[in-house]
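Heads up: the structure comes next, in structure tokens.
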Amino acid sequence: MKIAIVGTGYVGLVTGTCFAEMGTEVFCVDIDKNKIEKLKQGIIPIFEPGLDEMVERNHKAGRLQFTTDLSSILNEVDIVFSAVGTPPDEDGSADLKYVLDVARTVGQNLNKYMVIVTKSTVPVGTAKLVKKTIQDELNKRGLSDLKFDVASNPEFLKEGAAITDFMQPDRVVVGVESEEAKRLMEKLYKPFTLNNYRIIYTDIPSAEMIKYAANAMLATRISFMNDIANMCEIVGADVNMVRKGIGADARIGSKFLYAGCGYGGSCFPKDVKALIHTANKLGYKMQILEAVENVNEFQKNILFDKLMKYYNNDIKGKTIAVWGLAFKPKTDDMREAPSLVLIDRIIKAGGKVRAYDPVAMEEAKKHHLGDSVIYAKDIYDATLDADAILMVTEWNEFRLPTWEVIKKTMKKPVVFDGRNIYNKEEMNEIGFDYFGIGIK
Ligand SMILES: NC(=O)c1ccc[n+]([C@@H]2O[C@H](COP(=O)([O-])OP(=O)(O)OC[C@H]3O[C@@H](n4cnc5c(N)ncnc54)[C@H](O)[C@@H]3O)[C@@H](O)[C@H]2O)c1
């Protein structure tokens, strides 16, 4: 079986590589010439644990190829996946420009039956739009009777654990509207079925909706716990104890109940916004999701607010160590990272930042945060002469620092822990002031 994956980003590259690993012949396609050239040379454009070795192995075996020209390989494949970006437009809606560009290229070059699958996260109704776009192009070419199918196969992988998530999925969702398309998708996913992973077949609108509903539910859990955490602080409760107490209820479950300094990344913020926007357009108001967004905006500022309160609203000239820049550990993705909001506010308030992240510093530099930000060599270097530490991304290497060394280098030993990874009593015992989220 041969497939093409159009869009070689976090999702496309992982998807293509994992299908190649299962024995499928894969063309990874991207319009970014530089990216494709680098991939051909074995240079992986993103940080994702385990991906480089897997790309190299499959590329060498000839199962994984890279190209910038979809039209040149299109009619060799049985299935085309579209895994291009769907960034938010100014009004929060998903920008379908790239998805429809791919559909047009397919329609302009298609000469035989195939299934065009959308893997990108797209609003309900996009498959119809993709189908119409392809059909319009076929009509222009006088090929209105050429048969093709569209399908929806949203992706649920998490950056940082993308390969495991793809190879050992909780479930795979496939939205189809014809038996022929279903048969082809079953063939492609057979190795997963043989390994007892669950493939759920649905109609196309339901598949498109499942992805948004899943991300909206996860974002809701985060904002809900952040709201509870803020209330815990007011009433003198400890959110970690509350988390364990409610997580023990099998109906609630213990996962995804951590309070923190807000969610970020390329998915939750944009998908929540897009769902709200789609609903508004159709005359419905998603009241819970609007609150989820508002709580998250509030929460991204919470470490800054705590810092200001500690320093009586004046951090002019103070040096703030920021530990962690990526929106979560094990990725270099800086999209919508809470660290960006924090750093911006520190600088605007006249503070200086010494930032450190194990892998995201190059990505962070692309955000041009200004001369008041110094990128440190490691966490210790970041705390040099610092008036406070803000723990923003819970990388493993931040979990057990040698506090005695850090205390000596800092001007004032105080930690604002945005991910609740340290223990208040222990920190106080070694002479640090400590502030977590939702902790007395
Ligand atoms: N990143 C995640 O964790 C994740 C998880 C699940 C779903 N998604 C969804 O998957 C989609 C892709 O996300 P991503 O993070 O991989 O995006 P990305 O920005 O990392 O990659 C998108 C790629 O598409 C390429 N591209 C754009 N137009 C093209 C075209 N016409 N032809 C060929 N290539 C083109 C870009 O050059 C880029 O390399 C989005 O809809 C996203 O919401 C992302």
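Just follow the structure's listing: the first ligand is 1, and inside any ligand the first atom is 1.
- Listed by number with element, the atoms of ligand 1 under 4.0 Å from a non-hydrogen atom of Y98 are 27 (C), 28 (N).
- Here the heavy atom of the protein found nearest to atom 21 (O) of ligand 1 is G9 CA, 3.2 Å.
- Residue contacts with ligand 1 for A83 involve N, CA, C or O but no side-chain atom from C-beta outward (heavy atoms, distance under 4.0 Å).
- Ligand 1 has no N or O atom lying under 3.5 Å from any N or O atom of D101, backbone or side chain.
- Side chains of N301 and E297: a donor-acceptor N/O pair is absent below 3.5 angstrom, by distance only.
- Residue contacts with ligand 1 do not include K158, since none of its heavy atoms lies under 4.0 Å from the ligand.
- Atoms CD and NZ, on E208 and K128 in that order, are 9.5 Å from each other to the nearest 0.5 Å.
- Set against the non-hydrogen atoms of Y10, the atoms of ligand 1 under 4.0 Å away are 1 (N), 15 (O), 16 (O), 20 (O).
- F268 pairs by the ring-ring contact (aromatic ring centres under 6.0 Å, His included) definition with Y263, not counting sequence neighbours.
- Close approach of ligand 1 to V6 (heavy-atom distance below 4.0 Å) involves ligand atoms 32 (N), 33 (C).
- Scanning all protein heavy atoms for the shortest distance to atom 41 (O) of ligand 1 gives T86 OG1, 2.5 Å.
- For ligand 1, the polar-atom distance check against D271 finds no nitrogen or oxygen pair separated by under 3.5 Å.
- Polar contact check, T121 against ligand 1: a nitrogen or oxygen pair lies under 3.5 Å apart.
- Among protein heavy atoms, atom 24 (O) of ligand 1 sits closest to G7 CA, 3.4 Å.
- Ligand 1 has no nitrogen or oxygen under 3.5 angstrom from a nitrogen or oxygen of V102.
- Classified by interplanar angle (parallel below 30°, tilted 30° to 60°, perpendicular above 60°), the ring pair Y422/Y434 is perpendicular.
- Taking the ring axis of Y197 as reference, the NZ or CZ atom of R171 does not stay both within 45° of it and closer than 6.0 Å to the ring centre.
- Residue-level proximity to ligand 1 for R335 is carried by the side chain, the only part with a heavy atom below 4.0 angstrom.
- The aromatic rings of F398 and W323 sit tilted relative to each other, their planes meeting at an angle between 30° and 60°.
- Using a 4.0 Å cut-off to heavy atoms of S266, the atoms of ligand 1 that qualify are 1 (N), 2 (C).
- Heavy atoms only, all atoms of each residue included: R63 and N58 are closest at NH2-OD1, 2.7 Å.
- In terms of protein heavy atoms, atom 26 (N) of ligand 1 is closest to V84 CG1, 3.6 Å.
- Inspection of the Q299 and N230 side chains reveals an N or O donor paired with an N or O acceptor under 3.5 Å.
- A donor and an acceptor atom, one from each side chain of D149 and S178, are located under 3.5 Å apart.
- F47 does not carry K330 over the face of its six-membered ring by the limits of under 6.0 Å from the centre and within 45° of the normal.
- Checking T15, N215, I31, D30 against atom 38 (C) of ligand 1, the nearest heavy atom belongs to D30.
- Within ligand 1, counting atoms from 1 as listed, the ones closer than 4.0 Å to a heavy atom of E155 are 6 (C), 7 (C).
- Here the heavy atom of the protein found nearest to atom 10 (O) of ligand 1 is V11 CG2, 3.5 Å.
- The shortest N or O to N or O distance between K211 and ligand 1 is not below 3.5 Å.
- Ranking the protein heavy atoms by distance from atom 1 (N) of ligand 1 puts E159 OE2, 2.7 Å first.
- In this structure, a donor-acceptor pair under 3.5 Å is present between the side chains of S206 and D203.
- F27 does not carry K2 over the face of its six-membered ring by the limits of under 6.0 Å from the centre and within 45° of the normal.
- At the shortest separation from atom 42 (C) of ligand 1 among protein heavy atoms lies K270 NZ, 3.8 Å.
- Any N or O atom pair closer than 3.5 Å counts here, and K35 shares at least one such pair with ligand 1.
- The nearest heavy-atom contact from the protein to atom 22 (C) of ligand 1 is G85 N, 3.6 Å.
- At a 4.0 Å cut-off, not a single heavy atom of K328 sits close enough to ligand 1 to count as contact.
- Residues passing the ring-ring contact (aromatic ring centres under 6.0 Å, His included) test with H59, sequence neighbours excluded: F66.
- Side-chain contact annotation: R141 with N111, donor-acceptor N/O pair under 3.5 Å present.
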